[in-house]
Amino acid sequence: SAAAQLPEEDCMKLNPSFLGIALSSLLAIDLWASKRLGVCAREGSAWGSARPIMKVIEVSGHGIPWLLGTFYGLCQSDSSAAREVLLNLLFALLLDLVLVAAVKGLVKRRRPTHNKMDMFVTISVDKYSFPSGHATRAALVCRFVLHHLVLAVPLRVLVVLWALVVGVSRVMLGRHNVTDVLFGLLLGYALYGVVEYCWLSPLSAPALFALW
């Protein structure tokens, strides 16, 4: 009789569904693993001395250097084929920023409590954690480079390792939880398919190529 007088939402909490229990358990495991793996989150952490290296890796996956570098290369290129590739890379990076910002704004998951907020250029939705923009960008750029640049096998392996290390560094620095990074890598991998489908060329987007 007492349970019958409780509000519906309280009854739901007292009688959680199997799915609710499973999701809560996964979330708890995610938070626990993320905290244990955040060995570079602070100077006093287990691997605190490795923070400078991790922060260099962090900058290597940040959107601003990639956008500026791609735009500079686009302006300096004198090859029509190179301009086409760089223009599509710029399109991919901008699409990545918009999509990640939209998902972060919808989910609004806070960053881990052990995160030290000394990140390189944080604005707007960067205060949110899900998904990891660095991981998304790393996976996207990795697929893009492997498909559109002719590289020797050792360099191709290095590109893949860079993408993975960027993702791992986000957890080690305490910037993101494990699921933020995993979803980010999957999102970036899938996003490349969208870029390929919407590939910009002199035939499909003549006005853009006329600017260059």
At what distance, to the nearest 0.5 angstrom, does CG of L94 lie from CG of L89?
-> 9.5 Å
Which is it for Y192 and H147 under the side-chain contact (heavy atoms from CB on, under 4.5 Å) test, yes or no, and what are the steps along the way?
-> CA-CA 10 Å; Y192 174 78; H147 278 78; 3.1 Å; yes
Just wondering, do L93 and L97 contact through their side chains at under 4.5 Å, heavy atoms?
-> no
Residues R109 and T179: side-chain donor-acceptor under 3.5 angstrom | yes
Go through the steps to decide whether L31 and L27 satisfy the test side-chain contact (heavy atoms from CB on, under 4.5 Å), and finish with yes or no.
-> CA-CA 6 Å; L31 295 176; L27 177 61; 4.2 Å; yes
Between atom SG of C40 and atom NZ of K116, what is the distance when rounded to the nearest 0.5 Å?
-> 12.5 Å
Single-linkage hydrophobic cluster, 4.5 Å side-chain cutoff, L155 and F144 together = yes
Linked, directly or transitively: L182 and L26 (ILVMFWY side chains, under 4.5 Å) | no
Hey, what do you get for OH (Y128) to CG (L106), rounding to the nearest 0.5 Å?
-> 10.5 Å
Could you go through the side-chain contact (heavy atoms from CB on, under 4.5 Å) check for K127 and R110 one step at a time?
-> CA-CA 7 Å; K127 61 185 177 182; R110 292 289 177 177; 3.8 Å; yes
Quick one: does NZ or CZ of R143 land under 6.0 Å from the six-membered ring centre of Y189, within 45 degrees of the ring axis?
-> yes
Short side-chain to backbone donor-acceptor contact, S34 and V178, under 3.5 Å | yes
Nearest non-hydrogen partners of G174 and P112, listed with the distance | O-CG, 3.5 Å
Should L185 and V165 be counted in the same cluster of Ile, Leu, Val, Met, Phe, Trp and Tyr side chains packed under 4.5 Å apart?
-> no
Please determine, by modelled atom types, if H148 and E84 share a side-chain donor-acceptor pair under 3.5 angstrom.
-> no
In one Ile/Leu/Val/Met/Phe/Trp/Tyr side-chain cluster, 4.5 Å: L95, L187 = yes
Spell out, as yes or no, whether a donor-acceptor pair under 3.5 Å connects the side chain of S132 to the backbone of A135.
-> yes
From CG (L87) to CH2 (W199), nearest 0.5 Å = 9.0 Å
Path from V168 to L37 over hydrophobic side-chain contacts below 4.5 Å | no
Can you check whether M172 reaches R51 side chain to side chain, under 4.5 Å on heavy atoms?
-> no
How about N88 and E196: do any of their side-chain heavy atoms sit closer than 4.5 Å?
-> no
Does some side-chain heavy atom of R175 sit less than 4.5 Å from a side-chain heavy atom of E58?
-> yes
For G38 and S45, work out which heavy atoms get closest and say how close.
-> O-OG, 4.1 Å
May I ask you to check whether over 12 heavy atoms, not counting those of K35, lie within 6.0 Å of atom NZ?
-> no
Can T136 and D96 be counted as having a side-chain donor-acceptor contact under 3.5 angstrom?
-> no
Ion pair present between R83 and D78, side-chain N to carboxylate O less than 4.0 angstrom?
-> no
Can any side-chain N or O of H176 pair as donor or acceptor with the backbone N or O of V181 at less than 3.5 Å?
-> no
State whether the side chain of D180 and the backbone N or O of N177 hold a donor-acceptor pair below 3.5 Å, judged by distance alone.
-> yes
Which atom of R36 lies closest to which atom of V39, heavy atoms considered = O-CG1, 3.6 Å
Over all heavy atoms of both residues, which pair between S77 and A82 is shortest? Give the atoms and the distance, please.
-> OG-CB, 3.4 Å
Going through the distances and angles, do K55 and L173 end up as a side-chain contact (heavy atoms from CB on, under 4.5 Å)?
-> CA-CA 8 Å; K55 294 186 74 172; L173 281 169; 4.3 Å; yes
For residues 65-76, which side-chain donor-acceptor pairs fall under 3.5 Å, sequence neighbours excluded?
from	atom 1	to	atom 2	distance (Å)
W66	NE1	S60	O	2.8
T70	OG1	W66	O	2.7

Assess whether atom CG of L161 is packed by more than 12 heavy atoms of other residues, nucleotides or ligands within 6.0 Å.
-> yes
Nearest heavy-atom contact between R137 and H62 is NH1-C, 3.6 Å
Output yes when a side-chain donor or acceptor of R156 lies under 3.5 Å from a complementary backbone atom of L146, and no otherwise.
-> yes
Side chains of R42 and H114, donor plus acceptor under 3.5 Å = no
At their closest point, which heavy atom of S169 faces which heavy atom of I57, and how far apart are they?
-> OG-CG2, 3.7 Å
